[in-house]
Protein chains: 2
Amino acid sequence: MEQIFITDVAPRDGLQNQQIEVSTEAKLELIARLVSAGVNSVETTSFVSPKAVPQMADAGELVPQVNARWPQLRSSVLVPNLKGLERAHASGAKEIAVVLSATETMNRKNINMGLAEALEVSEKTLAAAHALGLKTRAYVAVAFECPFEGETSLDEVLRLAARMHAAGAGEIVIADTIGAAAPAQVKERMTVIRDAVPLSQLAIHLHDTRGMGVANAWSALEVGVRRFDASAGGIGGCPFAPGAAGNLATEDLVLMARQSGFETGISLNGLLDAVAFAEAQLQRPLGGRSGAWLRRTRAQRETTAASA
Amino acid sequence: MEQIFITDVAPRDGLQNQQIEVSTEAKLELIARLVSAGVNSVETTSFVSPKAVPQMADAGELVPQVNARWPQLRSSVLVPNLKGLERAHASGAKEIAVVLSATETMNRKNINMGLAEALEVSEKTLAAAHALGLKTRAYVAVAFECPFEGETSLDEVLRLAARMHAAGAGEIVIADTIGAAAPAQVKERMTVIRDAVPLSQLAIHLHDTRGMGVANAWSALEVGVRRFDASAGGIGGCPFAPGAAGNLATEDLVLMARQSGFETGISLNGLLDAVAFAEAQLQRPLGGRSGAWLRRTRAQRETTAASA
């Protein structure tokens, strides 16, 4: 079976938008359950302004604890600029992610800069991170549709992806930030982008707003994409992007990928444990589109290695 | 835009498994709303034993009323055997469907016959229907996985599909009766089956049990399939197939297909009206994976022709 690589973004993209405050201990427990499930790459937190995103105010405490408990875990943290990078580095972060939106308005709403300035900041942040010996990811956000500008220019997405690749980003993450894409768009755009960014460095970040997250993931797999962001239980949504409810659920992706002949290294029952914990913390039902079926057949799967 | 053809099976496959009795008037109103939404093919009812499926006991009254109210509507009815065909024909049915399961056990559980006998009955029923001048569909059920026998033999599915084609069935419907397929299986199987059955006569019937209904539909579209069964609101499930909860929702299919460049002739807002009516009748929330987003953006879509 061919391998695919999943970064679980529940601790960052998942939690950042939640109204209920989640303690540092609870975040560590969520990560512990993800690691137990076999997740080997986590987006741990974000070094953004604690005023803008209070849920991420404990980033500086979380990172060293994650590093100490799971030294082998790939743990990345989002940084909006050089100041965020400084804080991330001081905390011991080993990999950082920058977020560059593909439209003027989204950059202004998200980080209060225009696109040209945001691009420059991203490139400088990547360069500074590399100088510090850190690994890097670069998001190209609203890469399909922008909640403010509508359909995003593919030329612009391509240009920005190529710039992020040229700037040395280890992974370039094409993000359907508001979950507006359909499989045909994923196919069209990823087919073009894979000519500018090597598939080994190309990832896709999907949301499930319109119920097409799994279909979009399949479409990306068919184009050759092997790196995915997903969020256990589908926890997620972007506070600055109206309509961005729900990330692609990790369990939906793992189930579809496994049945389609790809190895993820992740246990579905382990994911259900992580989702159950997140539900208790957030005090609401979570779970992807496959959640009801996964729970109903859990006992059965426990005893059936082939489908577990 | 290329056309795809959707048969809404909510009145039959959707309702047959529901505990709450739905009146003939309510069924007519559901069909009326589907027709208003632009649906031009409906699986109206089933001429099975009223003892086995009480919800379908009014088949003989429903068909003439549907014919009278919507003479242009493509309306098909399920018949299990020659006796069912006789009743269907007496009611004025213009198109019938036979159901042939691809495994021995499923046929026994569903219609109390072995596969060989079921195949013979299906062929005889098709021949008799053609002699009466009726149009026909033939389902090959549990074409991916059987709840009793596990993975279904593709050779067997292929053989049965070819036999149904040879028997003159106007449409051969490959059914993932329990919603167990993943996109890779849909691709593999439909690619083989399209060599035995012309694409113009090949349909796929999907369930959404594991959250892969839309992904499977996309996979089928990519292989060239243009005929789909779906059920407004995702109403459905097979009473004799454990775990068959939820058909692919028509609205999920329409949304995905439209965004992917296919024309369906169906209005999403119209479908929401049909789903709202079904919810009131069945006294529980319905709706596909896109339901929350469709409802939230309904007002907006009403005024945006491009995305409506």
Side-chain angles (χ1 to χ4, degrees), chain A residues 1-2 144-145 147 150-151 178-188 207-223 234 242-246 248-249 251-262 268 287-294 296-297 300 304 306-307, chain B residues 1-2 144-145 147 150-151 178-188 207-223 234 242-246 248-249 251-262 268 287-294 296-297 300 304 306-307:
Chain A
M1 281 166 91
E2 196 182 346
F144 294 87
E145 188 174 315
E151 187 182 336
I178 60 169
Q185 282 101 52
V186 170
K187 180 182 177 183
E188 181 203 2
H207 282 242
D208 201 22
T209 317
R210 303 186 191 185
M212 287 189 263
V214 179
N216 289 339
W218 170 248
S219 184
L221 276 170
E222 283 280 84
V223 171
L248 170 62
E251 56 272 33
D252 288 354
L253 175 60
V254 168
L255 179 66
M256 183 276 280
R258 180 176 306 175
Q259 275 195 229
S260 295
F262 294 92
L268 286 165
R289 312 293 180 168
S290 62
W293 180 79
L294 286 176
R296 202 168 61 236
T297 58
Q300 188 186 322
T304 318
S307 65
Chain B
M1 280 167 92
E2 195 181 347
F144 294 88
E145 188 174 314
E151 188 182 336
I178 60 169
Q185 282 101 52
V186 170
K187 180 182 176 182
E188 181 203 2
H207 281 242
D208 201 21
T209 318
R210 303 186 190 184
M212 287 189 265
V214 179
N216 289 339
W218 171 248
S219 184
L221 277 170
E222 283 281 85
V223 171
L248 170 62
E251 57 271 34
D252 288 355
L253 175 60
V254 168
L255 178 66
M256 183 276 280
R258 180 176 304 174
Q259 275 195 228
S260 295
F262 294 93
L268 287 164
R289 312 292 179 169
S290 61
W293 179 80
L294 285 176
R296 201 168 63 237
T297 58
Q300 187 186 324
T304 319
S307 64

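The shown structure was predicted, so the numbers you read here are calculated from the model rather than taken from an experiment. Labels below follow one simple rule: chain letters A, B, ... track the order of the sequence lines, proteins then strands, and each chain is numbered from 1.
When all heavy atoms of B:Ser260 and A:Pro183 are compared, the pair lying nearest together is OG-CD, 3.8 Å.
Rounding to the nearest 0.5 angstrom, the gap separating the CE atom in A:Met212 from the CH2 atom in B:Trp293 is 7.0 Å. Put simply, CG on B:Asp252 and CZ on A:Arg210 are 12.5 Å apart, with the number rounded to the nearest 0.5 Å.
Listed options A:Ala217, A:Ser219, A:Gly288, A:Gly261 were ranked by heavy-atom pairs under 4.5 angstrom with chain B; first place goes to A:Ser219.
At distances below 3.5 Å, at least one donor-acceptor pair connects side-chain atoms of B:Gln259 with backbone N or O atoms of A:Ala180. Listed for the A:Arg289 side chain is a donor-acceptor partner under 3.5 Å among the backbone atoms of B:Arg289.
Within the 4.5 angstrom heavy-atom criterion, only backbone atoms of A:Ala181 (N, CA, C, O) approach chain B.
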- side-chain contact (heavy atoms from CB on, under 4.5 Å) evaluation trace for A:Trp218 with B:Glu222: CA-CA 11 Å; A:Trp218 170 248; B:Glu222 283 281 85; 6.0 Å; no
